[in-house]
Novice: 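Below you'll find the structure I mean.
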Amino acid sequence: MSERFRVRFAPSPTGEPHVGNIRTAIFDWLLARQNGGEFIVRIEDTDRARAIDGTTELIIEALKWLGIEWDEGPDIGGRYAPYKQSERLPLYHKAANRLIAEHCAYKCYCSTERLAAVRKSRSKQGGAIGYDRHCRDISDDERQRLELNGETPVVRFKMPLHGETTVNDLIRGEVTFDNRLVDDFVMLKSDGFPTYHLAHLVDDHEMEITHVLRGEEWLPSVPRHLQLYRALKWQPPHFAHLPIILAPDRSKLSKRHGATALLDYRQMGYLPHTMVNFLTLLGWSLDDKTELFSREALIEHFSIERISKSGAIFNTDKLDWMNGHYIREMSAERLAEALLEFWNAYPPPEIPALPSREVALQIAPLVQERLKTLRDAAPLVAFLFKPEIEYDASELIQRRMDAASTRRCLEAARDQLATLDPFEAEPIEALLRSMVENLDVKAGQLFGSLRVATTGQRVAPPLFQSIEALGRERTLNLVQAASERL
RNA sequence: GGCGCAUUCGUCUAGCGGCCAAGGACACCACCCUCUCAAGGUGGAGACCACGGGUUCGAAUCCCGUAUGCGCUACCA
């Protein structure tokens with residue numbers, strides 16, 4: 001019989017989704033799709049203080065941009081709705097009450113001041129856990145008195161006082177923890193909201209989640225979760241703790257290292273598939289040579305067994321290469337479309353108005369081989385949109401040339417181009433190449449001068465196509481203007 | 001401090017006891033191609049497999065210790 005796969009991505013709406021989170025989502029999705037299972041999105045909004053409005057929408061937008069589709073989620077509902085923890089409070093209370101009734105949990109009335117003091121004195125002793133279990137064994141009378149006092153309690157879980165808890169992590173194998181070193185952690189906060197430990201566990205159970213993929217930072221709290229499952233007499237899911245994504249200096253990736261928000265990469269001109277491919281490779285590999293995967297190939301080949309154990313640095317050089325590769329792989333039509341879409345969303349200063357489809361189609365092949373990102377395109381073709389171009393006249397004069405000979409070349413080119421028909425790259429090239437012989441100059445000399453004359457730049461897209469894109473009238477005017485400056 | 005995880009070229013990685021005096025990719029360098037820039041092609045440099053002990057006929061691969069890095073140690077996730 002085949003195993004069931006229900007995998008969930010459970011982000012907190014506390015900021016823009018970052019690349020680490022999204023990589024987890026990609027792994028979740030890959031696993032679900034590969035096994036014909038379900039991919040579920042669940043919003044873990046139990047921390048009211050840290051919640052930021054609008055971030056749930058950003059998470060959804062990020063997943064949509066990447067083309068990751070989910071089967072159940074806050075926006076589309078599903079059999080286990082709702083998919084927002086703030087709307088599932090009764091479920092958590094029910095579990096907490098049950099645990100209290102079964103003496104597996106207790107109310108704690110300690111003030112934050114007392115907790116801080118206990119923590120401080122205990123940390124000096126070294127090794128001791130942070131909470132002294134003060135309220136674990138208080139008498140019923142005392143409990144009643146505190147209750148009457150109006151103290152709003154939290155609910156803590158009674159960790160076993162001895163023994164060990166072992167998890168069989170899908171990536172790291174067996175990991176064992178000493179129960180004595182684990183606190184009686186808070187399950188329910190005094191505001192009535194659950195902590196992550198209770199909430200995610202109740203939901204994973206209720207939603208019949210089979211595989212939990214999450215960041216490595218959760219590994220130390222697994223004994224809490226496993227003990228909670230035991231107390232609730234629920235079957236725990238499979239766990240896989242993913243390696244974290246690092247900054248170039250090996251510290252945790254954060255804003256000061258540059259872009260960490262997934263959607264920033266859209267704005268920087270990366271293709272969604274580049275992100276999916278690249279992020280998947282950050283922590284997973286198929287073999288010793290394959291790096292470029294279509295989404296179908298990713299779904300086919302992905303496996304938890306081949307996820308690596310150690311953290312990986314987010315290397316933008318390789319990201320750039322991969323993006324360039326995928327841009328080059330597109331048809332001219334698709335690139336043109338992508339460019340238009342990108343320029344429409346993020347209008348570049350170099351281009352006064354969104355070009356027509358026709359113009360975009362003309363631009364695409366001009367820049368395709370030269371792009372690392374979509375953002376690189378506009379500066380390369382800026383000359384096409386400038387009413388007049390600026391450059392230092394000396395730039396026109398190529399090596400071993402002088403003003404007079406350069407001027408002769410430009411005038412000859414202008415005269416010839418004036419009558420050329422059709423005014424297209426191929427005949428333009430044929431014409432200019434034949435001129436090279438007649439004028440007794442090097443190809444680089446003539447072309448170099450013309451490049452500066454027509455684009456104002458020493459570095460530009462291929463000359464003949466550029467001239468075609470410029471059109472006869474503008475080209476003639478530009479070349480005329482150039483020769484007059486000499 | 002305690003607990004846990006990790007450790008192969010600058011970076012991402014292959015390697016699950018002999019095929020490894022360690023393979024691929026990005027970045028870097030050189031050459032070729034070439035109208036500039038790219039792209040592409042070819043080649044090069046780059047890892048005593050963190051260190052020290054074992055186990056074994058044989059270890060990057062297994063075990064132990066040390067070091068380093070990272071994570072956790074909240075009424076945050």
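Being a predicted model, the structure only gives us computed values, none of them experimental. Below, read A as the first sequence line, B as the second, and so on, with proteins coming before strands; counting in each chain starts at 1. Basis for what follows: all heavy atoms, side chains included, without hydrogens, waters or symmetry-related copies.
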Novice: Taking B:C49 as the reference, what is the distance to B:C16 when you measure between their C1' atoms (whole Å, please)?
Specialist: 15 Å
Novice: State whether a side-chain donor-acceptor pair under 3.5 Å links A:Thr373 with A:Asn323.
Specialist: no
Novice: Looking for any heavy atom pair under 4.0 Å, which part of the strands does A:Arg180 touch: base, sugar-phosphate only, or nothing?
Specialist: nothing
Novice: A:Arg451 side chain N/O closer than 4.0 Å to the phosphate oxygens (OP1, OP2) of B:C37?
Specialist: no
Novice: Please tell me whether A:Phe464 and A:Phe447 form a close aromatic pair, meaning their ring centres lie under 6.0 Å apart.
Specialist: yes
Novice: Given B:C35, B:U11, B:G71, identify the nucleotide with an atom nearest to the side chain of A:Ile244.
Specialist: B:G71
Novice: Validate the cation-pi geometry between A:Arg485 and A:Tyr391: distance from NZ or CZ to the six-membered ring centre under 6.0 Å, angle to the ring axis within 45°.
Specialist: yes
Novice: Have a look at A:Pro461 and say if it touches a base, only the backbone sugar-phosphate, or nothing, with a 4.0 Å heavy-atom cut-off.
Specialist: base
Novice: How long is the span from the CG atom in A:Asn277 to the NE2 atom in A:His325, to the nearest 0.5 Å?
Specialist: 8.5 Å
Novice: Between B:A39 and A:Arg370, is there an OP1 or OP2 to side-chain N/O distance shorter than 4.0 Å?
Specialist: no
Novice: If you check every side-chain atom of A:Arg250, which of B:C26, B:U11, B:U7 has the closest atom?
Specialist: B:U11
Novice: If the C1' atom of B:A74 is compared with that of B:U56, how far apart are they to the nearest Å?
Specialist: 49 Å
Novice: With rounding to whole Å, what would you report as the distance between B:C51 and B:G69 at their C1' atoms?
Specialist: 15 Å
Novice: Measuring from the side chain of A:Leu463 (C-beta onward, heavy atoms only), which nucleotide among B:G71, B:U13, B:C35 has the closest atom?
Specialist: B:C35
Novice: What protein N or O atoms touch nucleotides 75-77 of chain B N or O atoms at under 3.5 angstrom, if any, and at what distances?
Specialist:
residue: B:C75; atom: O2; partner: A:Ser190; partner atom: N; Å: 2.7
residue: B:C75; atom: O2; partner: A:Ser190; partner atom: OG; Å: 2.8
residue: B:C75; atom: N3; partner: A:Ser190; partner atom: OG; Å: 2.9
residue: B:C76; atom: OP2; partner: A:Lys189; partner atom: NZ; Å: 3.3
residue: B:C76; atom: O2'; partner: A:Asp47; partner atom: OD2; Å: 2.6
residue: B:C76; atom: O2'; partner: A:Arg50; partner atom: NE; Å: 3.3
residue: B:C76; atom: O2'; partner: A:Arg50; partner atom: NH2; Å: 3.3
residue: B:A77; atom: OP1; partner: A:Thr46; partner atom: OG1; Å: 3.0
residue: B:A77; atom: OP1; partner: A:Lys189; partner atom: NZ; Å: 2.8
residue: B:A77; atom: OP2; partner: A:Tyr196; partner atom: N; Å: 3.3
residue: B:A77; atom: O3'; partner: A:Ser12; partner atom: OG; Å: 2.7
residue: B:A77; atom: O2'; partner: A:Ser12; partner atom: OG; Å: 3.0

Novice: Among B:A39, B:C5, B:C37, which nucleotide has an atom closest to any side-chain atom of A:Glu369?
Specialist: B:A39
Novice: For A:Ser308 and B:U13, is the shortest distance between a side-chain N/O and OP1 or OP2 below 4.0 Å?
Specialist: yes
Novice: Heavy atoms from C-beta onward define the side chain here; which of B:A14, B:C26, B:U36 lies closest to that of A:Pro462?
Specialist: B:U36
Novice: Within 45° of the axis and under 6.0 Å from the centre of the six-membered ring of A:Tyr131, does NZ or CZ of A:Arg156 qualify?
Specialist: yes
Novice: Work out how far the C1' atom of B:A67 is from that of B:C29, and round it to whole angstrom.
Specialist: 35 Å
Novice: Base, sugar-phosphate, or nothing for A:Phe185, non-hydrogen atoms under 4.0 angstrom?
Specialist: nothing
Novice: Report which part of the nucleic acid A:Arg433 touches: base, sugar-phosphate, or nothing (heavy-atom distance under 4.0 Å, all strands).
Specialist: base
Novice: Are the ring centres of A:Phe278 and A:Tyr270 closer than 6.0 Å?
Specialist: no
Novice: Heavy-atom nearest nucleotide on RNA chain B for A:His325 versus A:Leu319: which residue maps closer to 5'?
Specialist: A:Leu319
Novice: Is the distance between the ring centroids of A:Trp284 and A:Phe302 under 6.0 Å?
Specialist: yes
Novice: Considering every strand and a 4.0 Å limit on heavy-atom distances, what is the contact class for A:Arg458: base, sugar-phosphate, or nothing?
Specialist: base
